[in-house]
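See below for the structure under consideration.
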2 protein chains.
Amino acid sequence: MAQTNGRTNRRDIYLKLRQMVLTLELAPGAALSENELAASMGVSRTPVRESLILLAQEGLVQVFPKIGSFVSRVDPGQVADAQFLREAVELASLDDLPAALDPAIVGELRANLDRQRRADLGLEEFFGLDEAFHQGLMRLSGHGNVWTTVAAAKGHLDRARRLGLHENVSPAVFVAQHREIFDAITGGNVPLARTAMRTHLRAVFDDIERIRAHSPELFATDASSVPVRRNIVVWE
Amino acid sequence: MAQTNGRTNRRDIYLKLRQMVLTLELAPGAALSENELAASMGVSRTPVRESLILLAQEGLVQVFPKIGSFVSRVDPGQVADAQFLREAVELASLDDLPAALDPAIVGELRANLDRQRRADLGLEEFFGLDEAFHQGLMRLSGHGNVWTTVAAAKGHLDRARRLGLHENVSPAVFVAQHREIFDAITGGNVPLARTAMRTHLRAVFDDIERIRAHSPELFATDASSVPVRRNIVVWE
DNA sequence: CGACAGATGCTTGTATACAAGTACTTCGCG
DNA sequence: CGCGAAGTACTTGTATACAAGCATCTGTCG
């Protein structure tokens with residue numbers, strides 16, 4: 001999302017903090033201190049504070065005046081909302097595919113898939129390729145910018161997915177599903193593409209309840225509950 | 001969207017500025033000054049500035065460091081994106097309607113429709129009822145919270161709609177379409193509801209090109225062009 | 001030993017001062 | 001009269017100081 005133009009400390013810090021939250025480097029429930037963050041990053045409170053406000057609007061951080069700021073616990077409700085949103089948008093996008101696909105984007109997607117199939121694929125690498133793949137599909141139908149909105153809304157979903165793949169399987173099954181979707185699209189079979197896409201998106205989603213049972217402390221129960229400051233949630 | 005809890009100056013100012021932008025009280029292209037706004041509102045730059053940053057992330061304001069802040073011109077690209085997004089979400093939501101509709105929400109929608117049909121309906125009143133109506137439909141299928149995301153993304157679309165109805169017709173035709181959608185849903189006819197909804201949403205959208213031809217200065221041409229500070233766009 | 005109260009250290013919200021840079025204006029010169 | 005350059009007034013970005021409030025810890029009293 002285009003916010004402030006030009007390079008500012010705020011933009012750098014915002015992107016850095018956002019990445020740390022999404023990659024779980026900053027665990028759900030962890031306490032954030034504007035002063036601490038500012039000191040550790042070598043800047044004043046101002047850019048840090050403004051970044052936290054932006055992250056709060058995205059729902060990734062909760063700010064309680066005079067109490068503290070915390071990384072939001074993964075909210076199952078928000079995960080479900082993001083799932084519904086992305087499914088609606090990505091499926092509708094398939095209906096807007098042009099008769100002649102942009103060869104540049106098709107080539108880009110093919111190269112992306114090739115990299116996904118590498119045996120030594122790391123998890124972070126996979127997430128980056130996955131993001132680019134789905135965004136590329138949206139661009140194929142001329143709705144690339146809408147992906148920005150979806151991406152901003154699916155922070156809780158992404159964190160839930162990371163929790164799942166962290167302790168679990170290889171992303172091989174997802175890579176195969178990506179391939180199916182791609183083949184259906186390039187083959188001009190939109191109904192098949194829709195089916196494959198829906199199956200793919202739900203496969204990710206259906207794993208979340210299992211994760212929640214395994215690590216309940218990372219999930220929110222009461223949306224308005226305030227995490228305790230000293231009780232920093234450690235990684236395990 | 002849950003951002004900062006509790007009452008703060010920032011929240012008040014943010015909501016107020018947002019409303020002024022969406023209602024075109026602050027015209028597209030108008031220059032905003034943190035100092036002026038702060039003085040006129042009787043607060044310091046801080047809460048005003050933080051509000052502008054939030055509005056910038058929503059795309060309603062553009063901030064150019066060391067140059068100035070401006071109300072975003074209506075971007076036809078963002079209007080189209082919002083149209084696609086809301087259509088995808090609201091149509092998908094119809095597929096998730098439960099067999100037994102929540103009678104409380106149904107009653108609320110019925111009362112909303114009754115108020116829409118009042119002869120002396122003002123424009124601002126209509127927009128408020130329209131917003132509540134569409135959100136109510138989403139709640140009917142359990143996706144009420146997703147409306148928040150859609151609402152945040154459709155600022156440019158809303159401003160374009162306001163421009164259209166400002167110089168034009170009564171909202172009577174839209175009210176009738178709302179009725180059609182409602183009847184199809186309560187009648188259990190989902191396919192008809194989908195058709196009615198799509199027709200309704202596109203009727204709004206198709207009017208925009210006409211508006212753009214009439215008031216081109218309120219629309220963005222080059223997304224990165226900087227409005228001139230002194231050249232405040234007057235309502236005319 | 002237990003409970004209550006005050007002090008202390010932390011938090012975010014707000015106000016203000018300074019820094020860096022842009023654009024317009026005005027003054028001087030050819 | 002035209003043009004150029006310095007100056008001035010504005011902009012946002014950042015740093016810092018102060019205000020208000022919550023939570024915990026500690027000391028004291030029963």
Side-chain angles (χ1 to χ4, degrees), chain A residues 2-17 26 29-57 60-72 224-233, chain B residues 2-17 26 29-72 224-233:
Chain A
Q3 44 185 47
T4 295
N5 309 50
R7 285 173 192 162
T8 62
N9 280 346
R10 177 174 82 239
R11 182 145 188 87
D12 293 344
I13 292 171
Y14 165 74
L15 292 174
K16 181 164 192 168
L17 285 177
L26 289 174
L32 302 174
S33 163
E34 295 177 0
N35 280 317
E36 279 185 25
L37 290 174
S40 75
M41 293 179 168
V43 296
S44 78
R45 268 183 67 199
T46 306
V48 171
R49 169 180 174 76
E50 292 172 349
S51 297
L52 288 181
I53 290 173
L54 287 173
L55 292 170
Q57 196 182 39
L60 294 178
V61 163
Q62 287 176 294
V63 178
F64 300 90
K66 316 302 174 72
I67 296 180
S69 303
F70 306 86
V71 179
S72 299
S224 60
S225 68
V226 183
V228 184
R229 189 180 306 144
R230 57 182 164 79
N231 190 14
I232 294 182
V233 177
Chain B
Q3 45 185 46
T4 295
N5 309 50
R7 285 175 193 160
T8 63
N9 281 346
R10 178 175 81 241
R11 183 143 188 89
D12 293 344
I13 292 170
Y14 164 75
L15 292 174
K16 182 165 191 169
L17 285 176
L26 288 173
L32 301 175
S33 164
E34 293 178 0
N35 280 317
E36 279 185 25
L37 291 173
S40 75
M41 293 180 167
V43 297
S44 78
R45 270 184 63 201
T46 306
V48 172
R49 169 182 174 75
E50 291 172 350
S51 297
L52 288 181
I53 291 173
L54 287 172
L55 292 171
Q57 197 182 37
E58 284 185 60
L60 294 178
V61 163
Q62 287 177 293
V63 178
F64 300 90
K66 315 302 173 73
I67 296 179
S69 303
F70 306 87
V71 178
S72 299
S224 61
S225 69
V226 183
V228 184
R229 187 180 308 143
R230 59 180 163 83
N231 191 14
I232 295 182
V233 178

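Note on naming: letters A, B, ... go to the chains in the order of the sequence lines (proteins, then strands), and numbering restarts at 1 for each one.
Note on B/Arg49: a side-chain N or O is less than 4.0 Å away from OP1 or OP2 of D/dG13. Checking the phosphate oxygens (OP1, OP2) of C/dG13, no side-chain nitrogen or oxygen of B/Asn9 falls inside 4.0 Å. Between B/Ser44 and the phosphate of C/dA15, there is a side-chain N or O to OP1/OP2 separation shorter than 4.0 Å. A sub-4.0 Å separation between OP1 or OP2 of D/dC10 and a side-chain N or O of B/Asn35 is absent. Taking 4.0 angstrom as the limit, B/Ser33 places a side-chain polar atom (N or O) nearer than this to OP1 or OP2 of D/dT11. Taking 4.0 angstrom as the limit, A/Ser69 places a side-chain polar atom (N or O) nearer than this to OP1 or OP2 of C/dT12.
As a whole-Å value, the separation of B/Arg45 CZ from D/dC10 P is 14 Å. As a whole-Å value, the separation of B/Gln62 CD from D/dT12 P is 13 Å. The interatomic distance linking A/Lys66 (NZ) with C/dT12 (P) rounds to 11 Å, in whole Å. Summarising the geometry, the separation between CG on B/Leu52 and P on D/dT11 is reported as 12 Å, rounded to the nearest angstrom. When rounded to the nearest whole Å, the span between OH of A/Tyr14 and C1' of D/dG13 equals 18 Å. If you take CD of B/Glu36 and P of D/dC10, they are 10 Å apart, rounded to a whole angstrom. Between B/Arg11 atom CZ and C/dG13 atom P there is a gap of 12 Å when expressed in whole angstrom units. Taking atom CZ on B/Arg10 and atom P on C/dT12, their separation rounds to 12 Å, with Å as the unit.
If you check C/dA23, D/dT12, C/dT14 against the side chain of B/Glu34, the one that comes closest is D/dT12. Relative to the side chain of B/Thr46, the nucleotides D/dT12, C/dT16, D/dA15 differ in distance, and C/dT16 lies closest.
A donor-acceptor pair under 3.5 Å links the side-chain atoms of A/Ser51 to the main chain of A/Arg10, judged by distance alone.
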